[in-house]
Amino acid sequence: MEVTKSIFADRHCSFFLVVLLLASTMSLAIAEIHHHHFVVQATKVKRLCKTHNSITVNGMFPGPTLQVKNGDTLVVKVVNKARYNVTIHWHGIRQMRTGWADGPEFVTQCPIRPGGSYTYRFTIEGQEGTLWWHAHSSWLRATVYGALIIHPREGSSYPFTKPKRETPILLGEWWDANPIDVVREATRTGAAPNISDAYTINGQPGDLYNCSSEDTTIVPIASGETNLLRVINAALNQPLFFTIANHKFTVIGADASYLKPFTTSVIMLGPGQTTDVLISGDQLPGRYYMAARAYQSAQNAPFDNTTTTAILEYKSALCPAKCTTKPVMPRLPAYNDTATVTAFSGSLRNPRKVDVPTDIDENLFFTIGLGLNNCPKNARASRCQGPNGTRFTASMNNVSFVFPSNIALLQASQQKVPGIYTTDFPAQPPVKFDYTGNVSRSLFQPVRGTKLYKLKYGSRVQVVLQDTSIVTPENHPIHLHGYDFYIIAEGFGNFNPKTHKSKFNLVDPPMRNTVAVPTNGWAVIRFVADNPGVWLMHCHLDVHITWGLAMAFLVEDGIGELQSVEPPPADLPVVYNMSTTEIRYNPYVASL
């Protein structure tokens with residue numbers, strides 16, 4: 001009898017071991033590895049009646065949409081056949097221990113030089129929703145970008161009824177010129193760069209621009225169906241309002257994190273941000289304009305005040321080629337409608353109670369804003385065309401960030417190369433002042449430096465991001481690479497730790513990778529430093545990062561392999577010395 005029981009027990013254990021092994025194997029089999037080949041090249045693109053040799057990926061503008069599932073791995077070989085240096089950033093991907101694949105030029109890698117290649121390899125872990133990819137060298141992302149869609153892992157589903165169809169909506173910004181020439185000219189003169197000539201939806205300006213009606217983007221819908229729009233602001237320098245005539249949005253996600261659903265007629269996205277919305281085909285069959293235009297918070301600053309459109313078209317109202325039925329036009333907020341922006345951002349909530357970091361280890365306070373550098377002695381007037389003969393600059397905590405020019409920060413950190421950076425980025429503003437009041441002109445000129453802030457692995461971090469009125473207050477979309485964070489509070493005026501603590505949402509704050517810091521106001525974010533490496537934090541208005549509105553966190557390795565940065569790939573672009581010409585015309589590292 002005892003022998004029988006023993007045999008049965010052994011068989012019983014063996015059976016469960018087999019089941020566990022099968023389950024483990026099935027789970028590994030479900031996760032896929034997706035291989036893609038990106039060729040960065042010049043392509044003839046005609047917009048606004050003119051043809052330009054635009055830099056694209058695989059000849060497509062916008063570039064290819066990548067579709068993956070949570071848990072999958074992406075392997076993307078990028079071949080540079082263009083005449084400019086390039087890198088690709090996978091915006092919002094956590095890159096756990098794989099900082100080498102993050103992409104910002106001279107932060108996690110040296111650029112891929114013309115004729116070179118590099119393979120980005122990373123796994124998506126615990127993320128679902130809409131992200132995107134874009135160039136992270138100079139202003140190449142004006143045309144080098146595309147959607148990155150993360151579906152639920154096999155066997156899981158959306159936390160809402162599955163929509164009938166899903167459509168990426170990429171909002172872009174178009175110059176009737178070479179964007180690289182635009183930023184190079186601004187770098188040379190010290191003035192603000194020329195504003196864009198159009199906005200685009202999925203690469204097309206739409207009916208309200210010259211020579212654009214024939215190619216206006218059409219988004220189909222059928223009566224009674226619910227569709228998911230994955231809206232991405234890929235514009236270089238402009239926060240944008242987005243709406244559809246006679247239709248409501250149900251907002252269900254942002255930056256690849258789910259949100260508690262709420263209804264609105266308009267959304268606002270800062271550059272870099274994504275928002276997932278459901279729309280219902282509940283209107284009379286017809287044609288309705290989707291429209292996007294600027295939210296402009298910087299006072300007296302020139303901006304592109306045009307409107308881009310696409311057409312939401314009901315299947316039962318399909319028109320012949322020369323359709324004369326004019327789509328219904330939506331009402332858009334005023335360009336400076338900060339109240340609508342505040343109402344929208346204040347509606348974002350996590351769908352569940354979340355574990356917000358408490359017992360903060362690092363309590364940081366970063367001022368963000370513009371500045372003006374005095375014209376250097378002996379410099380020609382043509383080099384100082386900013387206000388009153390100055391040169392525009394920007395900073396965080398009075399430090400205007402300088403990117404290295406011959407080695408990436410992550411390489412320098414891992415290889416312990418001296419003299420590339422320091423770790424003395426200030427935790428607080430060096431000088432306390434009335435941040436949103438009348439600021440003394442003596443505070444307009446920041447110091448330049450490649451300063452990092454060091455974080456211990458696992459530390460709980462709070463950052464107050466405080467806008468300033470230096471030159472002009474403005475809504476700044478601040479993006480943190482390698483991390484998502486909770487936005488626990490936002491407000492106007494100067495942040496006060498005593499009185500504003502009562503506004504902290506420690507129950508269900510939204511999780512994002514890019515926070516739109518209110519104009520003349522502040523935002524508070526929290527995260528746990530659980531991803532070792534060098535991670536850039538910067539304004540996603542590219543004109544501002546060009547001027548130095550950035551810093552970087554150096555997150556130390558923890559204990560053991562699983563808390564340490566992976567070894568660099570064999571094909572990581574090598575350290576090299578930029579020529580004088582390259583330095584002069586690279587807006588990230590240019591100096592007088």
For residues [X] and [Y], establish whether the separation of their ring centroids is below 6.0 Å.
{"X": "Phe392", "Y": "Trp547", "value": "yes"}
{"X": "Trp90", "Y": "Tyr120", "value": "yes"}
{"X": "Phe425", "Y": "Phe366", "value": "yes"}
{"X": "Phe122", "Y": "Trp100", "value": "no"}
{"X": "Tyr483", "Y": "Phe527", "value": "yes"}
{"X": "Phe249", "Y": "Phe242", "value": "yes"}

query = Take atom CG in Asn438; do more than 12 heavy atoms of anything else shown fall under 6.0 Å from it?
reply =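 No - once you tally the heavy atoms of other residues, nucleotides and ligands closer than 6.0 Å, there are 12 at most.
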
task = Give a yes or no on this: more than 12 heavy atoms of other residues, nucleotides or ligands lie within 6.0 Å of atom CG of Asn305.
result =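 Atom CG in Asn305 is packed in, count exceeds 12.
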
Check the side chains of [Y] and [X] for a donor-acceptor pair under 3.5 angstrom, ignoring hydrogens and angles.
{"X": "Glu128", "Y": "Tyr258", "result": "yes"}
{"X": "Glu105", "Y": "Ser137", "result": "yes"}
{"X": "His481", "Y": "Arg94", "result": "no"}
{"X": "Tyr295", "Y": "Gln238", "result": "no"}
{"X": "Ser400", "Y": "Thr393", "result": "yes"}
{"X": "Glu173", "Y": "Ser196", "result": "yes"}

request  = Taking salt bridge (charged side-chain N to carboxylate O under 4.0 Å, His left out) as the test, write out the residues that go with Asp255, two or more places apart.
outcome  =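 Applying salt bridge (charged side-chain N to carboxylate O under 4.0 Å, His left out) to Asp255 gives Arg512.
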
For residues [X] and [Y], determine if any side-chain heavy atom of one lies less than 4.5 Å from a side-chain heavy atom of the other.
{"X": "Tyr453", "Y": "Pro426", "value": "no"}
{"X": "Val431", "Y": "Asn398", "value": "no"}
{"X": "Thr519", "Y": "Thr338", "value": "yes"}
{"X": "Leu332", "Y": "Thr307", "value": "yes"}
{"X": "Phe433", "Y": "Leu443", "value": "yes"}
{"X": "Leu410", "Y": "Asp102", "value": "no"}
{"X": "Pro473", "Y": "Ser297", "value": "no"}

task = Quickly, which of His538, His479, His91 forms a ring pair (Phe, Tyr, Trp, His ring centres under 6.0 Å) with His136? Name it, please.
result = His538

ask   = In terms of the angle between their ring planes, are Trp174 and Phe61 parallel, tilted or perpendicular, with boundaries placed at 30° and 60°?
value = tilted

ask   = Parallel, tilted or perpendicular: which describes the rings of Trp132 and His134, with under 30° parallel and over 60° perpendicular?
value = tilted

Would you compute the distance between atom [atom1] of [X] and atom [atom2] of [Y] and round it to the nearest 0.5 angstrom?
{"X": "Ser413", "Y": "Leu452", "atom1": "OG", "atom2": "CG", "result": "8.0 Å"}
{"X": "Ile267", "Y": "Ser347", "atom1": "CD1", "atom2": "OG", "result": "12.5 Å"}
{"X": "Thr130", "Y": "Ile232", "atom1": "OG1", "atom2": "CD1", "result": "6.0 Å"}
{"X": "Phe344", "Y": "Thr264", "atom1": "CZ", "atom2": "OG1", "result": "7.0 Å"}
{"X": "Trp139", "Y": "Thr546", "atom1": "CH2", "atom2": "OG1", "result": "6.0 Å"}
{"X": "Lys451", "Y": "Met396", "atom1": "NZ", "atom2": "CE", "result": "14.5 Å"}

Can you see which heavy atom on [X] is nearest to which on [Y], and at what distance?
{"X": "Thr340", "Y": "Phe241", "value": "CG2-CE2, 4.1 Å"}
{"X": "Ser469", "Y": "Val439", "value": "OG-CG2, 3.5 Å"}
{"X": "Ile360", "Y": "Glu362", "value": "CG2-O, 3.2 Å"}
{"X": "Leu236", "Y": "Arg141", "value": "O-NH2, 3.1 Å"}

inquiry  = Tell me which one of Val231, Thr243, Thr308, Leu229 satisfies side chain to side chain contact (heavy atoms under 4.5 Å, CB included) with Met290.
reply    = Leu229

query = Does Arg293 make a cation-pi contact with Tyr199 (under 6.0 Å, within 45 degrees of the axis)?
reply =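 Not satisfied by the 6.0 Å and 45° rule.
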
ask   = Can you check salt bridge (charged side-chain N to carboxylate O under 4.0 Å, His left out) on Arg349 and Asp508, steps first, answer last?
value = CA-CA 6 Å; Arg349 289 284 185 275; Asp508 59 354; 3.8 Å; yes

task = Please test Thr390 against Asn373 for side chain to side chain donor-acceptor pair (under 3.5 Å), starting from the C-alpha separation and ending with a verdict.
result = CA-CA 6 Å; Thr390 59; Asn373 280 332; over 6 Å; no

ask   = Should the pair Arg460-Asp530 be classified as a salt bridge under the 4.0 Å nitrogen-to-oxygen rule?
value = no

